[in-house]
There are 2 protein chains.
Amino acid sequence: MSPTTTLTPATTADRTGVSIDTLRYYEREGLIGPIRRTGGGRREYTEEDVFWIGLVTCFREAGLGIADLRGFVAILRAEHPPQDRVAFLQDRRAALEQRVAALGRAMKVLDEKIAYYS
Amino acid sequence: MSPTTTLTPATTADRTGVSIDTLRYYEREGLIGPIRRTGGGRREYTEEDVFWIGLVTCFREAGLGIADLRGFVAILRAEHPPQDRVAFLQDRRAALEQRVAALGRAMKVLDEKIAYYS
DNA sequence: CTCGGACCTGGAGCGCGCACCAGGTCAAGA
DNA sequence: TCTTGACCTGGTGCGCGCTCCAGGTCCGAG
């Protein structure tokens with residue numbers, strides 16, 4: 001009937017690499033969802049949900065915190081004017097660049113030590 | 001008499017941007033020091049200590065954990081063979097590169113969103 | 001000598017990002 | 001129908017990286 005396949009929590013966890021507990025946590029924190037439920041109350045994840053979870057994971061791996069991601073979600077969902085969105089996104093981007101710079105400094109130190117001991 | 005100036009905890013905190021509590025914490029965890037003490041038991045930081053604290057801060061800002069840094073300290077201090085040190089340092093460097101890659105992926109996503117809303 | 005402020009130690013508290021658990025519900029297969 | 005296992009909610013626990021506090025000590029200025 002419905003052409004859209006849905007995924008169980010276990011399958012979703014498997015596909016995204018995010019644990020079921022963490023998926024529920026993200027949903028509670030408003031980072032994903034709200035996820036649709038079956039009549040019995042079980043979660044049904046869509047492919048769209050999976051994609052969004054991938055985005056969240058991407059930013060988590062980049063070191064963004066839950067609060068940051070909540071802001072991100074709010075900006076992409078709400079009716080903020082486009083220029084607000086762009087400003088927000090550019091601000092986040094600048095923060096990531098700072099992190100890259102910090103990593104670069106640390107790597108430079110490591111390179112010096114490596115050169116010293118080689 | 002002694003040509004080497006020493007710094008009080010407050011001054012050291014000021015110069016390094018690390019709080020006194022955190023300096024004590026780092027010392028307890030073996031990341032810095034042990035810091036020399038005066039007769040009365042107060043800490044006396046040297047310029048060398050300050051430099052080392054800078055290194056620790058650099059790696060902390062790059063996202064390394066306390067345990068990682070402890071390993072780093074152990075490698076740089078202990079009598080590990082040079083090739084062990086190099087291997088360890090290169091391993092750490094690879095981990096940092098992974099983080100840079102993760103940041104790059106997140107920034108790419110941001111760039112796409114920015115382009116979309118611009 | 002006294003006062004006050006910087007410092008000491010040991011330990012408790014806290015926010016984050018989950019992981020785990022108990023006790024109960026739902027649903028597919030025998 | 002009964003069993004079994006995946007799932008539900010709510011709550012607790014935990015490691016990390018500090019941060020703060022109490023109660024006491026040191027020491028320089030007045």
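The sequence lines fix the lettering, A, B, ..., with proteins before strands; numbering per chain opens at 1.
Remark: side-chain polar atoms of B:Thr16 are paired, donor with acceptor, to backbone N or O of B:Thr12 under 3.5 angstrom.
The residues A:Lys108 and A:Asp111 are annotated as not salt-bridged, no charged nitrogen and carboxylate oxygen being separated by less than 4.0 angstrom. Note on B:Glu47 versus B:Arg15: salt bridge recorded, some NZ/NE/NH1/NH2 to OD/OE distance being below 4.0 Å. Taking 4.0 Å as the cut-off between side-chain N and carboxylate O, B:Arg99 and A:Glu61 do not count as a salt-bridged pair.
Between A:Thr22 and C:dA19, a side-chain N or O to OP1/OP2 separation shorter than 4.0 Å is present. The side chain of A:Arg43 places an N or O atom within less than 4.0 Å of a non-bridging phosphate oxygen (OP1 or OP2) of D:dC8. Distances shown here put every side-chain N or O of B:Tyr26 at or beyond 4.0 Å from the OP1 or OP2 atom of D:dG17. In terms of phosphate contacts, A:Tyr25 brings no side-chain nitrogen or oxygen within less than 4.0 Å of OP1 or OP2 of C:dC16. Regarding contacts with the backbone of D:dC18, a side-chain N or O of B:Arg60 is found under 4.0 angstrom from either OP1 or OP2. For C:dA19, one of the phosphate oxygens OP1 or OP2 lies less than 4.0 angstrom from a side-chain nitrogen or oxygen of A:Ser19. The phosphate of C:dC7 (OP1 or OP2) has a side-chain N or O of B:Thr8 nearer than 4.0 angstrom.
As judged by a 4.0 angstrom heavy-atom cut-off over every strand, A:Arg37 is placed among residues touching the sugar-phosphate backbone only. Heavy atoms of A:Arg24 sit under 4.0 angstrom from at least one base atom. Counting non-hydrogen atoms under 4.0 angstrom, A:Gly65 reaches the backbone sugars and phosphates but no base.
Along DNA chain C, the nucleotide nearest to B:Pro9 and the one nearest to B:Asp21 differ in position, and the one closer to the 5' end is contacted by B:Pro9. Each of A:Leu64 and A:Gly41 has a nearest nucleotide on DNA chain C; the 5'-most of these lies closest to A:Leu64.
Between the CD atom of B:Glu44 and the C1' atom of D:dC27 there is a distance of 14 Å, given to the nearest Å. When rounded to the nearest whole Å, the span between CG of A:Leu69 and P of C:dG17 equals 9 Å.
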Problem - A:Ile66/A:Arg60 under side-chain contact (heavy atoms from CB on, under 4.5 Å): CA gap, chis, key distance, verdict - result: CA-CA 8 Å; A:Ile66 302 301; A:Arg60 287 291 301 121; 4.0 Å; yes
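Looking at A:Arg42, its side chain has no donor and acceptor atom pair within 3.5 Å of the base of C:dA27.
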